[in-house]
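First comes the structure, then the notes that go with it.
When a ligand or atom number is given, it counts from 1 through the structure's own listing order. Basis for what follows: all heavy atoms, side chains included, without hydrogens, waters or symmetry-related copies.
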Amino acid sequence: MTTAATGSGRDRVIIFDTTLRDGEQSPGASMNLEEKLKIASVLEGMGVDVIEAGFPIASNGDFEAVNEIAKRVKNSTVCGLSRAGRKDIDRAWEALKPAKSARIHTFISTSPLHMKFKLQMEPEAVHQAIIDSVSHARNLCDDVEWSCEDGTRSDRDFLCRVIESAIKAGATTINVPDTVGYTVPEEYTALMRFLIENIPNSDKARFSAHCHNDLGLAVANSLAAVIGGARQVECTINGLGERAGNAALEEIVMALRTRPDVMQFETGIKTTDIMKASRLVSAVTGFVVQPNKAIVGANAFAHESGIHQDGMLKHAGTYEIMTPESVGLNRSTLVMGKHSGRHAFRKKLEELGFNLAENQLNDAFGRFKDLADRKKEVFDEDLVALVDDTVAHDSHRIRFVSLQVVAGSKEPQSAELELEIDGAVKAVKATGNGPVDSIFNAIKALFPHTVNLQLYQVHAVTQGTDAQAEVTVRLEESGKTVNGQASDADTLVASCRAYIHALNKLLVKREKTAPAAMSA
Ligand code: KIV
Ligand code: ZN
């Protein structure tokens with residue numbers, strides 16, 4: 001199973017996206033059901049082979065999300081994570097049952113450190129738990145993935161024994177995670193090769209890489225694993241994930257596509273959907289993509305230095321190893337301004353990779369008209385920020401209605417705020433230590449709550465004093481953090497909307513109660 005060649009003669013690498021599971025475990029990246037469904041639909045559309053939709057036993061919210069995604073997705077396999085216990089596996093299967101193609105993914109730690117301190121189990125007990133859990137999962141579902149958590153810090157001989165047992169018990173995919181981002185490319189290639197060559201029944205399963213980015217090596221390690229024989233890589237959009245994140249899907253896919261001369265592998269990913277997926281995940285989570293991020297950063301295809309620009313004008317290949325179009329970044333053909341109509345607006349959004357529902361389009365068009373009245377030039381970045389904002393603020397309990405602020409050197413600064421809370425419009429006037437503090441106090445007056453404000457960050461979407469402000473607010477409550485994001489030509493309106501966005505996410509998070517020791 002490790003050398004499936006495609007029509008092109010190149011081996012196919014399965015893309016397993018875990019944005020909705022490992023990505024969501026990133027502090028502050030929680031998503032609600034509707035947001036997860038949108039992301040799953042984009043992942044399916046872009047040709048992701050396996051969508052890990054969540055950890056069904058973690059909470060009712062997770063269960064519902066996996067279950068809904070399982071009902072709707074038809075062209076990708078839908079996967080749910082579970083620990084080794086029967087209850088976990090049963091819950092995962094219950095959520096996955098409606099899927100056209102379902103996978104149970106079960107895991108347990110195999111490194112001496114994890115077995116001794118985290119599991120407090122003897123290696124032989126872990127071995128037996130692997131046999132029991134995989135057999136149980138396989139009795140329910142034909143497609144079973146088993147992961148040896150902390151695989152790269154596990155003893156090789158022990159790994160060989162337990163992987164052989166997992167395959168015998170019915171595992172069809174064997175994932176060897178670099179859970180703490182510890183390995184380096186050469187070592188990971190060698191480990192994959194060693195396991196595949198030394199486990200007698202290794203040809204009965206597909207081997208998989210799952211890399212975290214603690215040393216900034218997640219993508220390099222994933223590619224190294226493929227060279228060593230892995231034919232599945234687990235990754236997330238924008239590299240979202242706990243700590244330093246997971247391997248970035250877009251980087252792995254574009255590396256394989258750009259360098260077939262050194263890596264003869266292909267994926268089923270429609271790369272022109274990459275920007276759309278990246279923007280959606282960023283908008284939903286509030287995690288801004290750093291400008292110099294490979295493939296999807298705002299500067300990834302920007303050429304400013306004179307020498308580079310000159311070279312680019314003579315031949316794009318001088319400084320571009322892939323085209324912006326290949327990742328869905330279209331060179332602009334339509335310039336937008338205050339006289340642009342709805343039709344042109346819709347077409348422009350399509351060019352930028354957005355396909356909005358009618359109500360979202362109406363909303364976004366209204367906001368675009370307001371912006372065009374206030375701003376001389378509306379850039380693509382403005383439209384992206386505006387649409388991201390419209391999508392992110394859709395269908396929440398607390399909605400922004402209007403804001404009037406008194407700011408300046410004379411006190412008191414104050415904010416008059418109207419919010420719609422659970423369908424009813426409420427208004428208040430509050431003061432504070434400056435305009436932003438007044439706004440946040442007004443929100444607290446209308447919707448009383450106690451949280452810690454951990455981050456308040458403003459950046460300009462484009463250049464110029466009329467640029468839109470993009471504000472990020474991070475709130476914390478009982479160890480749970482969420483990021484809210486909003487953009488507006490008025491920094492104070494953006495601040496208010498970003499706080500409300502974060503608060504709405506916290507309300508969703510409150511409904512989720514994760515059992516103890518749910519780390520993965
Ligand atoms: O990082 C990890 O080990 C995981 C496993 C559960 C696959 O996320
Ligand atoms: Zn992980």
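Contact analysis puts Arg21 in contact with ligand 1, with a non-hydrogen atom separation below 4.0 angstrom. Under the 4.0 angstrom criterion for non-hydrogen atoms, Gln25 is not in contact with ligand 1.
Asn292 and Asn299 are not linked by any side-chain donor-acceptor pair at a separation below 3.5 angstrom, with hydrogens and angles left out of the test. No side-chain donor-acceptor contact under 3.5 Å links Thr183 and Thr152. Using a 3.5 Å distance cut-off with no hydrogens or angles, the side chains of Asp150 and Ser111 do pair a donor with an acceptor.
At least one N/O-N/O distance between Asp22 and ligand 1 falls below 3.5 Å. An N or O contact shorter than 3.5 Å links Thr179 to ligand 1 by distance. Considering backbone and side-chain N/O atoms, His105 never comes within less than 3.5 Å of an N/O atom of ligand 1. Ligand 1 has no N or O atom lying under 3.5 Å from any N or O atom of Glu149, backbone or side chain.
Counting the atoms of ligand 1 from 1 in the order shown, those under 4.0 Å from a heavy atom of His212 are 1 (O). Within ligand 1, counting atoms from 1 as listed, the ones closer than 4.0 Å to a heavy atom of His210 are 1 (O), 2 (C), 4 (C), 7 (C), 8 (O). Close approach to Asn175 involves these atoms of ligand 1, each under 4.0 Å from a residue heavy atom: 7 (C).
One N or O on the side chain of Arg231 and one on the backbone of Val226 form a donor-acceptor pair closer than 3.5 Å.
Here Glu197 pairs with nothing under the salt bridge (charged side-chain N to carboxylate O under 4.0 Å, His left out) rule; sequence neighbours left out. Qualifying salt bridge (charged side-chain N to carboxylate O under 4.0 Å, His left out) partners for Arg156, counting only residues two or more places apart in sequence or in other chains: none.
The aromatic rings of His449 and Tyr499 are tilted relative to each other, their planes meeting at an angle between 30° and 60°.
At a cut-off of 2.8 Å, Asp22 coordinates the Zn ion (ligand 2) through an N, O or S atom.
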